[in-house]
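For clarity, every value in this text was computed on a predicted model and none was experimentally measured. Counting convention: from 1, in listed order, for ligands and their atoms alike.
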Amino acid sequence: MTTTIDQARIRALAERSVQLITELQHPDGAYPASPTFSAYQGYSWYRDGAFIADGMSAAGAVESASRFFDWCQRMLEQRRAQIADIARAEAEGRPLPDDAMLPTRFTLDGSEGDDEWWDFQTDGYGTWVWAVVAHARRHSLGLERWAEGIRLSVDYLIATGHRACFDWWEEHVEHVHVSTLGCVIAGLESAADSGVLDAAQREAARAAAATARERIATEGVREGHLTKWIGSAEVDGSLAAIIAPMGTVDASSPLGLTSISAIEQQLCVGEGVHRFRADTFYGGGQWPLLSCFLGLAHVAAGNRERARQLLDWAVSTATDTGELPEQVGEHLLAPERRAEWIERWGPVATPLLWSHAMVVRLAVELDLVQPATPSTLTEVSS
Ligand code: BGC
């Protein structure tokens, strides 16, 4: 049975979400993944953060998003020499090992932290570039403020974007993941169109993006849909994001439409989307943020009705105090694996700021929430 949520409740949750993200943003600009969850506490991810900033930007929280992008740029500038080493080694045909790459997450005050993590993931460095360019366009801002961060990211992506690395779920370092490639392409193409690259870097960015596109077309499609990784026949919920909001794959193309229906058929139960069929993390539940990505893909393909159902379900997963979880256990793929994670890391991450941002993003896209103007929104300015 489809869950139906009235617009007032959607609006209230969207407002609460913007407020929560605003309150939890670190003074230096970083967005925490979750303020309370043991394994994420104190850290900010480029991936989560870029989508959080995109949601905040769409909701009219211009300064909050800008400050996150400032933080991203700062992290990159502080690692300028490392990026140069990585790029030089790649150009000389002696690529550096994975442990010499940039981290996936940073502490909120910008260090690398002492906790072990599944570092080396390229998607976030593409996603933030896509998001900052989209933000600047949406609000008619100059991109000069982030030009250096964009240029450093392009160098890094050209050198590393083709490599196998951990995926969105910090798994399978041995594979080249199609959604990761899609994020890399989005970053490179956005940068190339942004006007902040010189001719040589712009051409190099376009060439690397074209190679990655060709790779997806020839090796990352099976039975007409995008695949989880190069050589796989499966799908992954993250693939919806490269259809929308990122637009790497056109939603209305045969590839876009077939990918949306493959995610619907293979990963969606009711309106809840699983990450992938073999998921066992917390028993392999359904992720509200993935329902929102699928909803955005449907909007881009013209199916607003299905998008609204997906949004309503995502909103229905909020706790009584209006907090959205990372996942819910209504339908588990591996119920016998749930307890071990609760024992290891505690209850499911709640609130997860990325979930909140995706509800906001889809609600705005469906015109259920009007973007705030500066006078209706209390923002901390830099
Ligand atoms: C997810 C990542 C996410 C991180 C922080 C992990 O469990 O796999 O996609 O970036 O949590 O939210």
Heavy-atom contacts with [X] under 4.0 Å: which atoms of ligand 1 show up? List them by number with element.
| X | answer |
| --- | --- |
| Arg47 | 2 (C), 3 (C), 9 (O), 10 (O) |
| Trp169 | 8 (O), 9 (O) |
| Trp45 | 4 (C), 5 (C), 10 (O) |
| Leu352 | 12 (O) |
| Trp354 | 9 (O) |
| Arg275 | 8 (O) |

[X] N/O to ligand 1 N/O under 3.5 Å:
| X | result |
| --- | --- |
| Asp48 | yes |
| Trp168 | yes |
| Trp117 | no |

- Query: What do you reckon, are the aromatic ring centroids of His172 and Trp229 less than 6.0 Å apart?
  - Reply: yes
- Aromatic contact, Trp45 with Trp117 (centres under 6.0 Å): yes
Indicate yes or no: does [X] engage [Y] in a salt bridge with an N to O separation below 4.0 Å.
| X | Y | answer |
| --- | --- | --- |
| Glu77 | Arg74 | no |
| Glu219 | Arg213 | no |
| Arg138 | Asp54 | yes |
| Asp85 | Arg88 | yes |
| Arg337 | Glu340 | yes |

- Give a yes/no verdict on a cation-pi contact between Arg338 and Tyr282, requiring under 6.0 Å between NZ or CZ and the six-membered ring centre and an angle within 45° of the axis. no
- Task: Write out the residue and atom name of the closest protein heavy atom to atom 1 (C) of ligand 1, then the distance separating them to 0.1 Å.
- Result: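 For this ligand atom, the closest protein heavy atom is Glu170 OE2, 3.7 Å.
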- To which protein heavy atom is atom 6 (C) of ligand 1 closest, and what is the distance rounded to 0.1 Å? Tyr40 OH, 3.1 Å
- Got Trp146 and Leu141 here, is their nearest side-chain heavy-atom distance under 4.5 Å?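 A side-chain contact exists here, since the closest heavy-atom pair is under 4.5 Å.
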- With a 4.0 Å cut-off on heavy atoms, does Glu326 reach ligand 1? yes
- Out of curiosity, is Arg105 lining ligand 1, as in a heavy atom under 4.0 Å away?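 It does not, in that no heavy atom of Arg105 comes within the 4.0 Å cut-off of ligand 1.
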- Query: ligand 1 versus Glu171, non-hydrogen atoms closer than 4.0 Å: side chain, backbone, both, neither?
  - Reply: neither
